[in-house]
Structure formats: structure tokens, C-alpha cells
Student: 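Below is one structure. I have some questions about it.
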Amino acid sequence: MIKIGLAGKPNGGKSTFFKSSTLANVEIASYPFTTIDANHGIAFARSVCPCVEMDEKCGNCRDGFRFVPVEMIDVAGLVPDAHLGKGLGNEFLDNLRQADVIIDVVDASGSTDEGGNTVEIGSYNPLKEVDFIERELSMWFYGIIKRDWGRTSRKIQSDGMKVLAEKLAGLGVSEQAIKRSIDDVELPEKTSSWKEDDLRLFSETVIKRSKPIIIAANKMDIAPEENLSRLERLDERGYKVILTSAAGELALRMAEKNDFIRYIPGDEDFEIVDDKRINKKQLDALEYIKNMMKEKGGTGVQNVINTAVFDLLKMIVVYPVENEKKCTDKDGNVLPDAFLLKKGSKAKDLAYQVHSDIGDGFLFAIDARKKMRLGEDYELKENEIIKIVSSR
Ligand SMILES: Nc1nc2c(ncn2[C@@H]2O[C@H](COP(=O)(O)OP(=O)(O)OP(=O)(O)O)[C@@H](O)[C@H]2O)c(=O)[nH]1
Ligand SMILES: [Mg+2]
């Protein structure tokens, strides 16, 4: 399963973002280092369900939106020099080892300083936060790559780049990402000639390739407009930035759970249910969130997850079925599974994801909509419904 890591300075709203996306019961508080041990949970990417074109609804989606599971990891806050052990230090960065993509939850309101201590709204520049978090992440990689570098680089000379790939496998770095990073910044092929700065540059590049970052400009509900536009302008520097209110999303998810509102995560609006249990204070809070969503186009939380999964990681959703006429499994469940696959995946890759035996015995696939036979090298497309025919 894809893994999304939440990073950011203390008190920025990581656990609130996590709780709103997973509904896991985690601690949230207005002081730094609330989270110490990483939280793991299941969040969801939202996609249009193919059953909207069918007579029979699948029963696995909400109003035609399918929520496909992804893993989410919420970690301790990072402070400047975390890679040297400051704050909760280096070992906490290691919770991000397996993350495929990182959401940097930035406090756009500027109401917490770089250590996460509460300050007056607008008094801390969130752009500084973006820079230092990125630096900490790349210095963390650098620290690991640098370890024993003399020996590693000599081995690379004799045995090739796979040596480095093996060393970095635990960080989720592939040999391809290593090679591309070296090309990107035109480092000499002879790794033993790399200077300190080359190693740093390599670390910075390889982490960007293996763990792309998306910025959630959080606390938009209380953030000064100036801060929001400063953060949004980061797109000129190649960043993906999305404004969020994790607290707003959490309030909606809780209200939805209690049947106070009708809300589908990712929607730009919600409907308040006429309910005697809602008191004036709750109603006011919901109205406040409603207005904010109207102005900003939603709470942004689902949008961040979707952008991370579909834009940064370039995934597609594919629906494997056993009966291509009815689009069901053998028990008659309509569109029982939704799989996330990397764009460019082939029919045979899907077979392997269903089961390794099915992959080994792959004969051909069938596009359920077009009733067309597909070979193992057929490149799957977003939203396709596929039957795999296998000898096993
Ligand atoms: N106004 C507003 N407050 C928020 C938002 N998201 C989080 N908060 C508040 O920010 C404070 C910190 O939230 P947490 O989710 O605990 O932050 P964290 O990043 O997990 O903090 P650490 O675990 O200490 O690193 C809490 O008081 C939250 O209620 C938001 O979107 N808007
Ligand atoms: Mg936390």
C-alpha cells in the first residue's frame, strides 16, 4: 500500500490532519511535541467510481465516489537541526523511511514559532518553515548516505550503483532514482571523486525524487491573507501548495459521524441535517466552516491527499473483476476492489497485484467495458475495469 508521511514543525496540525483523514483517535494539543510515537492509520484517495455508468450500484462507494485506502503516518514535529538530534531528533525522522510521498503540514497562520511555541498570529513567517523542513529532510538523508561513504564509494567503483541502491533501500530509494538524481545534477560518474558538497547535492536531489513533498498550508481558517498568498506563490518555485483547514475537516468528519451533517470528504460544501441534538454553538461552528469552504473551495484536506497520490505519485485506480459481463467477483459483488497502480503499469502488473500465482499464470486480460482482449504488455488506464485470465 502507498504510504503518505506527514512532516512539519511541532504544533502545525499534523495529528489533526491525520485524525481528520483516518478518524483514528490520536492526541491533539496546542503545545509542541504532543506526538512522540508515530501514528499509523488508513486514509483514502477519492476517485469517481465506475458504477456511476452502470444500472447496478456497487455498494462500495459514496454517491459515486470511491475511497481507495492508502497508509498515513503521523510523526513527531521537526525543529531546526533535528537531524543533529535537536527536539525529538533524528530517530523520529526514521519514521518517514518508508513514506512514498511527504505532506509538509505548514502552519500558515504563523501562530507558532519554529519550535512550535504559540506566538501572536502572523508573527512567524511560514516560508521559513518550508525551507527548514526541507533542509532537515535532506540533511537526514545526507547523514545516512555519508555514513561509511569511503567504503561505499570504493565498492560502487567495483560493483556498480546497485551497491548504493542496497544501502538506501531502507529509505525507499530505488536504483533508478539514484541514477536519475546523478544525471539531474550532473555529478561525476566516479563517486569516489565526490566532494562533501557533491554528497549534499546528491542527498537533496535523491530525496526529492524518492519522497516528493506537497505543502498543506494549514490553519487557513485563521491565517492572514498575506501568508496564504506568500505560500501559494511557492508554486513559482515548483512547489505544490494547497490551503487546508485540518481542524475544519476534523469538525466535519466528527459531525458527519454523529449524523449532524451530510458531507462527503473532498466536497466543497455540506448539508446540515435538521437535528435537535445540534446546539447553537455547534451550529455556529458549522456555519463558520461552511463560509470558509465557500470562499476557499473546501477544507483542502482531501485535495492534498488526492494531489499526493494522483499528481505526485502518478497513480491510477483500476478495478479488477472476475466476471467481466457483470463486473463482479465470483460472489456477485459489483466492483469489489479498487487498486492503486503506478501510471504505466501493465495488465500483468495488475495480475501480480491481485496475487502472485495469478501473475505467474497470466494468459490475457479483458477490458470489461469494451469486451476486448488485452495482452500482458497492455498499459492500464485510469478507471479501467479489468478481468485477468490466468492458468492458475
Ligand atoms: N485554527 C486551526 N487550528 C488548527 C488547525 N489544525 C490544527 N490546529 C490546532 O493546532 C494545534 C496543534 O495541532 P496538532 O494536530 O496537535 O499538531 P501537530 O503538528 O501534530 O503537533 P506535534 O505533535 O506537537 O508535532 C491544536 O491546538 C489544533 O487544534 C486548523 O486547520 N486551524
Ligand atoms: Mg502531533
Side-chain angles (χ1 to χ4, degrees), residues 4-41 43 72-80 82 86-93 95-96 99 102-124 126 129-130 132-133 136-137 215-225 227-228 231 241-255 265 284-286 288-293 295-305:
I4 300 181
L6 296 172
K9 73 176 191 188
N11 221 348
K14 295 177 297 299
S15 296
T16 309
F17 193 108
F18 177 84
K19 186 172 181 180
S20 76
S21 315
T22 62
L23 289 185
N25 205 7
V26 295
E27 206 175 335
I28 294 170
S30 60
Y31 47 79
F33 302 121
T34 305
T35 307
I36 296 176
D37 295 323
N39 299 306
H40 292 255
M72 189 173 268
I73 311 162
D74 168 35
V75 306
L78 299 175
V79 296
K86 280 271 170 63
L88 289 180
N90 216 349
E91 67 179 284
F92 292 90
L93 278 161
N95 290 316
L96 294 170
I102 290 176
I103 299 175
D104 177 8
V105 181
V106 173
D107 178 354
S109 73
S111 66
T112 48
D113 68 12
E114 58 193 10
N117 306 295
T118 307
V119 293
E120 201 180 319
I121 289 182
S123 58
Y124 181 78
E129 186 181 337
V130 172
F132 96 68
I133 294 293
E136 286 312 316
L137 291 171
I215 293 172
N218 194 38
K219 306 194 189 178
M220 70 169 170
D221 48 301
I222 56 166
E225 272 310 316
N227 275 6
L228 295 178
L231 284 163
V241 182
I242 291 171
L243 308 185
T244 61
S245 173
E249 178 73 9
L250 180 57
L252 295 187
R253 294 289 194 104
M254 292 321 230
D284 287 349
L286 288 171
Y288 181 81
I289 296 170
K290 208 178 193 22
N291 285 333
M292 173 193 74
M293 289 170 81
E295 197 183 315
K296 310 281 192 212
T299 69
V301 170
Q302 186 66 56
N303 192 2
V304 171
I305 297 172

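Every number for a ligand or one of its atoms is a count from 1 in the order of the listing.
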Student: Relative to the heavy atoms of Ser245, which atoms of ligand 1 are at a distance of less than 4.0 Å?
Tutor: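 Here the atoms of ligand 1 in question are 31 (O).
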Student: Show the nearest heavy-atom pair for residues Gly116 and Asn11, with the distance to one decimal.
Tutor: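 Smallest interatomic distance, heavy atoms only, reads O-ND2, 2.8 Å.
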Student: Residue-level breakdown please: for Thr16 versus ligand 1, do any non-hydrogen atoms fall below 4.0 Å on the side chain, on the backbone, on both, or on neither?
Tutor: both
Student: Quick one: pull up CG in Leu137 and CG in Asp104 and give me the separation to the nearest 0.5 Å.
Tutor: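 Interatomic distance, Leu137 CG to Asp104 CG, rounded to 0.5 Å: 7.5 Å.
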Student: How close do Ala217 and Ala108 get, heavy atom to heavy atom, and via which atoms?
Tutor: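 What the structure gives for the nearest pair is C-CB, 3.9 Å.
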Student: With the Mg ion (ligand 2) as the centre, enumerate protein N/O/S atoms below 2.8 Å in chain and residue order.
Tutor: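 The answer, once waters are left aside, is Ser15 OG, Thr35 OG1.
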Student: Taking Pro80's backbone N and O only, do any of them form a donor-acceptor pair with Glu136's side chain (distance below 3.5 Å, no angle check)?
Tutor: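 Side chain of Glu136 to backbone of Pro80, a donor-acceptor pair under 3.5 Å: no, none is there.
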Student: Between atom CD1 of Ile73 and atom NE2 of His40, what is the distance when rounded to the nearest 0.5 Å?
Tutor: 5.5 Å
Student: Looking only at non-hydrogen atoms, which of Leu6, Val301, Thr35 approaches atom 23 (O) of ligand 1 most closely?
Tutor: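 Going through Leu6, Val301, Thr35 one by one, Thr35 has the nearest heavy atom to atom 23 (O) of ligand 1.
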Student: What is the closest protein heavy atom to atom 6 (N) of ligand 1, and at what distance does it sit?
Tutor: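 Going atom by atom, the protein heavy atom closest to atom 6 (N) of ligand 1 ends up being Asn218 ND2, 3.2 Å.
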Student: List the closest protein heavy-atom neighbour of atom 2 (C) of ligand 1: residue, atom name, distance to the nearest 0.1 Å.
Tutor: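 Residue, atom and distance for the closest contact: Asp221 OD2, 3.4 Å.
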Student: If you take all heavy atoms of Gly12 and Val105, which pair is closest and at what distance?
Tutor: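 Of all heavy-atom pairs spanning Gly12 and Val105, the closest is O-CG1, 3.7 Å.
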Student: Kindly give the heavy-atom pair with the smallest separation between Phe17 and Ala216, and that separation in Å.
Tutor: CE1-CB, 4.2 Å
Student: Record the part of Val105 in heavy-atom contact with ligand 1 below 4.0 Å; permitted values are side chain, backbone, both and neither.
Tutor: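 No part of Val105 is near ligand 1 at this cut-off.
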Student: Kindly write out the residues that satisfy side chain to side chain contact (heavy atoms under 4.5 Å, CB included) with Asn117, not counting sequence neighbours, or none if the list is empty.
Tutor: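 By the side chain to side chain contact (heavy atoms under 4.5 Å, CB included) rule, Asn117 matches Pro32, Asp113.
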Student: Quick one, Pro10 and Val79 - any side-chain contact, counting heavy atoms below 4.5 Å?
Tutor: yes
Student: Indicate, as side chain, backbone, both or neither, the part of Tyr31 found under 4.0 angstrom from ligand 1 when only non-hydrogen atoms are considered.
Tutor: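 The part of Tyr31 near ligand 1 is the backbone, not the side chain.
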Student: Side chain, backbone, both or neither: which applies to Asn11 and ligand 1 if a contact is any heavy-atom pair less than 4.0 Å apart?
Tutor: both
Student: Could you check whether any side-chain N or O of Lys14 sits under 3.5 Å from a backbone N or O of Lys9, counting only pairs where one atom can act as donor and the other as acceptor?
Tutor: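 Flag set: sc Lys14 to bb Lys9 pair under 3.5 Å.
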Student: Show the numbers, then the answer: is there a side-chain hydrogen bond (donor to acceptor under 3.5 Å, both in side chains) between Thr112 and Asp107?
Tutor: CA-CA 7 Å; Thr112 48; Asp107 178 354; 2.6 Å; yes
Student: How about Val301 and Ser21: do any of their side-chain heavy atoms sit closer than 4.5 Å?
Tutor: yes
Student: Applying a heavy-atom cut-off of 4.0 Å, say which part of Ala29 lies close to ligand 1: side chain, backbone, both or neither.
Tutor: backbone
Student: Would Val75 count as being in polar contact with ligand 1, using the rule that some N or O on each side must be under 3.5 angstrom apart?
Tutor: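 So ligand 1 has no N or O lying under 3.5 Å from an N or O of Val75.
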Student: Measure the distance from atom 18 (P) of ligand 1 to every protein heavy atom, then report the residue, atom name and distance (to 0.1 Å) of the closest one.
Tutor: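 Checked against all protein heavy atoms, atom 18 (P) of ligand 1 sits closest to Lys14 N, 3.5 Å.
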Student: Tell me the nearest of Ala247, Ser109, Gly116 to atom 30 (C) of ligand 1, using heavy-atom distances.
Tutor: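 When every heavy atom of Ala247, Ser109, Gly116 is considered, Ala247 comes closest to atom 30 (C) of ligand 1.
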Student: Check ligand 1 against Gly77 and write out every atom of the ligand that is under 4.0 Å from a heavy-atom position of the residue.
Tutor: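 What qualifies from ligand 1 is 25 (O).
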Student: Just list the side-chain donor-acceptor pairs under 3.5 Å for residues 241-249, sequence neighbours left out, or say none.
Tutor:
from	atom 1	to	atom 2	distance (Å)
Thr244	OG1	Asn218	OD1	3.0
Ser245	OG	Asp221	OD1	3.1
Ser245	OG	Gly248	N	3.0
Glu249	OE1	Tyr263	OH	2.7
Glu249	OE1	Thr299	OG1	2.6
Glu249	OE2	Arg253	NE	3.0
Glu249	OE2	Tyr263	OH	3.4

Student: I'd like to know if Gly12 contacts ligand 1, where contact means a heavy-atom distance under 4.0 Å to any ligand atom.
Tutor: yes
Student: Check contact between Pro32 and ligand 1, using heavy atoms of the residue and a distance below 4.0 angstrom.
Tutor: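 In this structure, Pro32 qualifies as a contact of ligand 1 - some heavy atom is under 4.0 Å.
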Student: Side chain, backbone, both or neither: which applies to Ser15 and ligand 1 if a contact is any heavy-atom pair less than 4.0 Å apart?
Tutor: both
Student: Taking all non-hydrogen atoms of both residues, which atom of Val75 and which atom of Ala38 are closest, and how far apart?
Tutor: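 Minimum heavy-atom separation between Val75 and Ala38: CG1-CB, 4.3 Å.
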Student: I need the atoms of ligand 1 closer than 4.0 Å to a non-hydrogen atom of Ser30, numbered in the order shown.
Tutor: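 Every atom of ligand 1 under 4.0 Å from some heavy atom of Ser30: 27 (O).
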Student: Report the nearest protein non-hydrogen atom to atom 29 (O) of ligand 1: residue, atom name, distance rounded to 0.1 Å.
Tutor: Ile28 CG2, 4.0 Å
Student: Name the closest protein heavy atom to atom 17 (O) of ligand 1, giving the residue it belongs to and the distance to 0.1 Å.
Tutor: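 Its nearest protein heavy-atom neighbour is Gly13 N, 3.1 Å.
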Student: Which residues pass the side chain to side chain contact (heavy atoms under 4.5 Å, CB included) test with Glu27, sequence neighbours left out?
Tutor: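 Only Tyr31, Thr34 meet the side chain to side chain contact (heavy atoms under 4.5 Å, CB included) criterion with Glu27.
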Student: So, for Met72 and Ala43, which heavy atoms are closest and what is the spacing to 0.1 Å?
Tutor: CE-CB, 3.9 Å
Student: To which protein heavy atom is atom 8 (N) of ligand 1 closest, and what is the distance rounded to 0.1 Å?
Tutor: Lys219 CE, 3.8 Å
